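Okay, structure first, notes after.
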Amino acid sequence: MPRTLTCKRCGRQQPYRPMGANFILLCPACRAVLHLECEYGYGPVTPCHIYYREQTVGTVTADASRVYWLGSPLLAAPKQLDGKGLAALEQAAELAGALV
């Protein structure tokens with residue numbers, strides 16, 4: 001069932017429909033994180049997709065060493081993230097928001 005989310009930064013309302021698990025929605029107005037949904041267990045689950053409007057603008061993955069990476073069609077090559085767990089997802093969302 002669709003619902004409406006309100007951006008905490010700019011106040012814009014955005015229709016939202018569940019997209020599964022492990023995703024981040026960026027606000028279409030200010031590109032802040034509008035919603036982050038992740039199946040937590042021992043840490044954020046990857047891959048985690050980042051959406052801006054109707055486009056996938058990034059995907060966060062983790063390798064066997066628990067190093068997190070942001071892959072995006074807007075980047076020439078995947079970018080290694082400094083953070084771990086939720087901090088890595090937040091860093092990826094910020095980077096992806098700056099790219100769009």
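Here, residue 1 is the first one in the sequence, and each next residue gets the next number. Given the structure is predicted, the values throughout are model-derived calculations rather than measurements. Hydrogens, waters and symmetry mates are skipped; everything else that's a heavy atom, side chains included, is used.
Distance check, rounded to the nearest 0.5 Å: OG of S72 to CG of L95 gives 10.0 Å. For the atom pair OG1 (T46) and CH2 (W69), the distance works out to 13.5 Å, reported to the nearest 0.5 Å. We find the CG-CD1 distance between L89 and I50 to be 7.5 Å, quoted to the nearest 0.5 Å. Atom-to-atom distance recorded for C27:SG and R12:CZ is 6.5 Å, nearest 0.5 angstrom. In this structure, CG on L70 lies 12.0 Å from CD on Q80, to the nearest 0.5 angstrom.
Counting only heavy atoms from C-beta outward, the side chains of L86 and L36 approach each other to under 4.5 Å. Contact of the L5 side chain with the Q13 side chain is not registered, since no non-hydrogen atoms from C-beta on lie closer than 4.5 Å.
Closest non-hydrogen pair, K84 versus S65, comes out as NZ-O, 4.4 Å. Contact record, C30 with R9: O-NH1, 3.4 Å, taken as the closest heavy-atom pair. Between Y52 and R31 the shortest heavy-atom distance is CE1-CG, 3.6 Å. Residues R3 and H35 come closest through the heavy atom pair NH2-CE1, 3.8 Å.
A donor-acceptor pair is defined here as one N or O able to donate and one able to accept, closer than 3.5 Å; no such pair exists between the side chain of T61 and the backbone of P47. Between the side chain of D82 and the main chain of A88, no donor-acceptor pair closer than 3.5 Å is present.
Counting heavy-atom neighbours within 6.0 Å of K79 NZ, excluding the residue itself, gives a total of 12 or less. Other residues, nucleotides and ligands contribute more than 12 heavy atoms inside 6.0 Å of the CD atom of Q91. The number of heavy-atom neighbours closer than 6.0 Å to CD of E37, taken from other residues, nucleotides and ligands shown, is above 12.
A donor atom on one side chain and an acceptor atom on the other are found under 3.5 Å apart for T59 and H49.
Tested against Q14 for a side-chain contact (heavy atoms from CB on, under 4.5 Å), the candidates L34, T4, L26, T6 yield a single pass: L34.
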Pair L99, L75 - check side-chain contact (heavy atoms from CB on, under 4.5 Å), show working.
CA-CA 8 Å; L99 292 171; L75 292 170; 3.9 Å; yes
